[in-house]
Amino acid sequence: HCLHRQTSHLCAVKVINKKQVRRQDRLRREVSFLKQVSHPNIISMYDCYEDEDTVHIVTEVCNGGELFDKVVDKAKKGNKKTSKSSSRSTDGGSRASTRKSAQDVSTTPACFNERDAARIIHSLLSAVSYLHANNIVHRDIKPENILFVDKDDDSSPIKLIDFGLSIRHDPETCPPLSNTVGTSYYMAPE
């Protein structure tokens with residue numbers, strides 16, 4: 001976090017050590033894209049400062065954490081509720097007990113209710129559509145790159161972050177993208 005001295009506005013700073021960045025062009029491209037974009041579901045960059053060793057990207061603050069962490073936390077809470085209700089069965093392995101356990105699993109609470117899940121997906125797709133309309137391809141969309149603005153609020157707005165692998169691509173004039181880029185756990189197998 002940082003504070004604007006004149007306005008006392010709270011901001012966030014992403015500090016990047018230039019020595020740890022193999023491709024400086026990607027860093028420049030990330031800053032360039034963040035300067036260009038303006039969408040309610042994409043992180044807003046206020047300014048960028050560079051010295052010999054580091055680049056400091058000043059953005060809006062998102063205190064709600066990553067979508068990944070929220071999903072994991074909600075899954076853990078759901079599993080605790082399920083294990084408590086299934087541990088009550090004293091049937092010693094009969095078919096009735098097996099059916100009861102299957103029912104418990106099928107009623108495990110979802111990570112998000114349907115309304116919040118739909119809102120999150122709609123917001124994300126709106127951001128991606130905006131990027132594509134501006135010929136920008138993110139190339140690393142994953143739950144860790146989606147932040148909630150507000151803490152402990154499932155109805156909090158989300159923000160797409162981390163444009164380090166993003167590129168400009170005009171489908172009208174450029175051939176289809178063919179490089180394998182992104183985080184392997186979130187790539188399609190093909």
Side-chain angles (χ1 to χ4, degrees), residues 1-16 26-27 29-49 55-85 105-134 136-167 181-188:
H1 288 95
C2 71
L3 199 62
H4 190 280
R5 289 182 180 162
Q6 294 162 341
T7 65
S8 297
H9 185 245
L10 185 65
C11 303
V13 181
K14 178 178 179 179
V15 180
I16 303 166
R26 286 187 177 170
L27 182 55
R29 210 170 31 221
E30 178 175 8
V31 171
S32 172
F33 289 155
L34 286 171
K35 283 181 183 176
Q36 293 173 27
V37 297
S38 177
H39 187 275
N41 300 114
I42 298 174
I43 195 83
S44 294
M45 183 181 84
Y46 299 132
D47 216 333
C48 182
Y49 303 94
V55 173
H56 307 269
I57 301 173
V58 182
T59 66
E60 66 184 301
V61 174
C62 294
N63 287 320
E66 298 173 358
L67 174 60
F68 181 87
D69 293 332
K70 273 218 183 187
V71 169
V72 169
D73 289 346
K74 287 178 172 289
K76 285 180 183 175
K77 288 177 185 173
N79 285 339
K80 285 180 185 175
K81 289 178 186 174
T82 302
S83 63
K84 283 181 186 175
S85 63
V105 170
S106 68
T107 59
T108 300
C111 288
F112 289 94
N113 66 44
E114 189 172 347
R115 175 175 282 136
D116 288 333
R119 181 189 52 76
I120 291 166
I121 293 299
H122 181 269
S123 298
L124 178 60
L125 293 176
S126 174
V128 171
S129 178
Y130 170 84
L131 291 172
H132 289 186
N134 288 281
I136 299 171
V137 184
H138 189 280
R139 300 199 307 177
D140 199 21
I141 295 175
K142 57 185 179 180
E144 292 90 337
N145 286 341
I146 300 168
L147 298 182
F148 287 89
V149 174
D150 303 313
K151 194 172 185 164
D152 300 327
D153 182 6
D154 287 351
S155 62
S156 168
I158 61 150
K159 300 285 182 167
L160 183 60
I161 64 164
D162 195 353
F163 285 73
L165 295 177
S166 299
I167 61 165
V181 178
T183 304
S184 57
Y185 288 117
Y186 299 105
M187 290 181 188

*State, with a plain yes or no, whether a side-chain heavy atom of N63 is found less than 4.5 Å away from one of H1.*
yes
*Test side-chain hydrogen bond (donor to acceptor under 3.5 Å, both in side chains) applied to D47 - qualifying residues, sequence neighbours left out*: Y49
_Working for side chain to side chain contact (heavy atoms under 4.5 Å, CB included), residues V71 and F112_ = CA-CA 8 Å; V71 169; F112 289 94; 3.9 Å; yes
*Search all heavy atoms of F33 against all heavy atoms of I136 and return the closest pair with its distance.*
CD2-CD1, 3.8 Å
*Approximate separation, where rounding is to 0.5 Å, of I57 CD1 and L34 CG*: 6.0 Å
*List for me each residue that meets side-chain hydrogen bond (donor to acceptor under 3.5 Å, both in side chains) alongside D69, sequence neighbours excluded, and say none if there are none.*
none
*side chain to side chain contact (heavy atoms under 4.5 Å, CB included) against V13, all qualifying residues, sequence neighbours excluded*: C2, V15, H56, V58
*Is it true that the side chains of E144 and Y185 contain a donor and an acceptor less than 3.5 Å apart?*
no
*Quick one: CD1 on I42 to OG1 on T59, what's the gap to the nearest 0.5 Å?*
13.5 Å
_Suppose we screen for ring pair (Phe, Tyr, Trp, His ring centres under 6.0 Å). Which residues come up paired with Y46, at least two apart in sequence or across chains?_
H9
*Got a sec, which residues hit salt bridge (charged side-chain N to carboxylate O under 4.0 Å, His left out) with E30, two or more places apart in sequence or on another chain?*
K14
_With K142 via salt bridge (charged side-chain N to carboxylate O under 4.0 Å, His left out) - residues at least two apart_ = D140
*Apply side-chain hydrogen bond (donor to acceptor under 3.5 Å, both in side chains) to N134 and list each qualifying residue two or more places apart in sequence or on a separate chain.*
none
*Is any side-chain heavy atom of Y130 closer than 4.5 Å to a side-chain heavy atom of V37?*
yes
Please list every donor-acceptor pair under 3.5 Å in which a side-chain atom of residues 159-166 meets a protein atom from a residue at least two apart or in another chain.
from	atom 1	to	atom 2	distance (Å)
K159	NZ	P40	O	2.8
K159	NZ	E60	OE1	3.4
K159	NZ	E60	OE2	3.3
D162	OD1	G164	N	3.2
S166	OG	H138	O	3.3
S166	OG	F163	O	3.4

Under 3.5 Å, sequence neighbours excluded: what are the donor-acceptor pairs made by side chains of residues 118-128?
from	atom 1	to	atom 2	distance (Å)
R119	NH1	S156	O	2.8
R119	NH2	D154	O	2.4
R119	NH2	S156	O	3.3
S123	OG	R119	O	2.9
S126	OG	H39	NE2	3.0

*Step by step, work out the side chain to side chain contact (heavy atoms under 4.5 Å, CB included) result for V149 and L147.*
CA-CA 6 Å; V149 174; L147 298 182; over 6 Å; no
*What heavy-atom pair brings I167 and R139 nearest, and what distance separates the two atoms?*
CG2-NH2, 3.2 Å
*Please tell me if the side chains of L3 and C11 come closer than 4.5 Å, counting only heavy atoms from C-beta onward.*
no
_Just to verify, what does D150 make a side-chain hydrogen bond (donor to acceptor under 3.5 Å, both in side chains) with, not counting sequence neighbours?_
none
*Are side-chain heavy atoms of L131 and V137 found at a separation under 4.5 Å?*
no
*In chain order, what residues pass the side chain to side chain contact (heavy atoms under 4.5 Å, CB included) check against D73, with sequence neighbours excluded?*
none
_Closest approach of M45 to V31 (non-hydrogen atoms, all atoms of both residues)_ = CE-O, 3.9 Å
*asked:* According to ring pair (Phe, Tyr, Trp, His ring centres under 6.0 Å), who are the partners of H4, at least two apart in sequence or on a separate chain?
replied: none
